[in-house]
Chemist: 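Here it is, the structure, as structure tokens.
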Amino acid sequence: MPTVFTQTIKNLIRQIPKGKVATYGYIAAMAGNPRGARQVARVLHSSSEKDGLPWHRIVNRLGRISLKPSQGYEVQRQLLEKEGVVFDRQETIDLDRYLWRPEPGIGCDESPYLHKL
DNA sequence: AACCTGACTTCGG
DNA sequence: TCCGAAGCCAGGT
């Protein structure tokens, strides 16, 4: 049976609204483990299709797609653009603008990592 | 069953 | 500020 951490990751990803994105570390931190970014990636790779997760809304901390061209990069980019997410000429997404924030303003965060963003 | 690997990030020197 | 090393953990070999 998967760990709670893994399940929480799935739940969080499912909550990302259309037109917004989240980073691996951000999801990991909210799931309770700031250094569990890799597990987020693993979850997506293994059960994104199975559980119908919006895998394309996850990018790395720089706001760039981690997939390599011809490895899914194009697909992810197109899915995001279709939702209104804009890439600049460096193939980067402006996180200040598109990063998903569960509770903008109030309550704030549970980890220093989230505070930084 | 042990070992390797990875859609990543953070930490310490 | 820059770079190597560690952390995390499930799935594949």
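All chains are named by letter (A, B, ...) in the order of the sequence lines, taking the proteins before the strands, and each is independently numbered beginning at 1.
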Chemist: Whole angstroms only, please: what is the CZ-C1' distance between A:Arg38 and C:dA6?
Modeler: 11 Å

Chemist: Could you state the CH2-P distance from A:Trp55 to B:dC8, rounded to the nearest angstrom?
Modeler: 13 Å

Chemist: Below 4.0 angstrom from OP1 or OP2 of C:dC9, is there any side-chain N or O of A:Thr3?
Modeler: no

Chemist: Taking only residues two or more places apart in sequence or in another chain, which ones pass side-chain contact (heavy atoms from CB on, under 4.5 Å) with A:Val86?
Modeler: A:Tyr98

Chemist: Would you kindly give the CD-to-C1' distance between A:Gln39 and B:dT5, to the nearest whole Å?
Modeler: 12 Å

Chemist: Is there any salt bridge (charged side-chain N to carboxylate O under 4.0 Å, His left out) pair reaching into residues 28-37 of chain A, and which pairs are they, with sequence neighbours excluded?
Modeler: none

Chemist: When the P atoms of C:dA6 and B:dT5 are considered, how many whole Å apart are they?
Modeler: 16 Å

Chemist: Could you check whether any side-chain heavy atom of A:His56 comes within less than 4.5 Å of a side-chain heavy atom of A:Gln78, counting everything from C-beta outward?
Modeler: no

Chemist: Which residues, if any, of residues 79-88 of chain A bring a heavy atom under 4.0 Å of DNA chain C?
Modeler: none

Chemist: Contact list please: residues 62-73 of chain A against DNA chain B, heavy atoms, distance less than 4.0 Å, in numerical order.
Modeler: A:Ser66, A:Leu67

Chemist: Between A:Leu44 and A:Arg35, name the one whose nearest nucleotide on DNA chain B is closer to the 5' end.
Modeler: A:Leu44

Chemist: Run the side-chain hydrogen bond (donor to acceptor under 3.5 Å, both in side chains) test against A:Asn33 and tell me which residues pass, sequence neighbours left out.
Modeler: none

Chemist: The criterion is side-chain contact (heavy atoms from CB on, under 4.5 Å); which residues satisfy it with A:Thr92, sequence neighbours excluded?
Modeler: A:Arg64, A:Asp88, A:Gln90

Chemist: Whole Å only: how far is the CG atom of A:Asn33 from the P atom of B:dC8?
Modeler: 16 Å

Chemist: Could you list the residues that satisfy side-chain contact (heavy atoms from CB on, under 4.5 Å) with A:Glu74, not counting sequence neighbours?
Modeler: A:Pro69

Chemist: Between atom NE2 in A:His45 and atom C1' in C:dC9, what is the gap in whole Å?
Modeler: 15 Å

Chemist: What is the distance, to the nearest angstrom, from the CG atom on A:Leu95 to the C1' atom on B:dT9?
Modeler: 14 Å

Chemist: Please produce a list of atom pairs where a protein N or O lies less than 3.5 Å from an N or O of nucleotides 11-13 of chain C.
Modeler:
none

Chemist: Determine whether A:Val21 and A:Leu80 satisfy the following criterion, side-chain contact (heavy atoms from CB on, under 4.5 Å), listing intermediate values before the conclusion.
Modeler: CA-CA 9 Å; A:Val21 300; A:Leu80 287 173; 4.0 Å; yes

Chemist: Test of understanding: with side-chain hydrogen bond (donor to acceptor under 3.5 Å, both in side chains), list the residues that count as partners of A:Thr8, not counting sequence neighbours.
Modeler: none

Chemist: A:Glu81: which residues meet the side-chain hydrogen bond (donor to acceptor under 3.5 Å, both in side chains) condition with it, sequence neighbours left out?
Modeler: A:Arg77

Chemist: Among all residues two or more places apart in sequence or in another chain, which pass the salt bridge (charged side-chain N to carboxylate O under 4.0 Å, His left out) test with A:Lys20?
Modeler: none

Chemist: Under the side-chain hydrogen bond (donor to acceptor under 3.5 Å, both in side chains) rule, collect the residues that match up with A:Gln71, sequence neighbours excluded.
Modeler: none

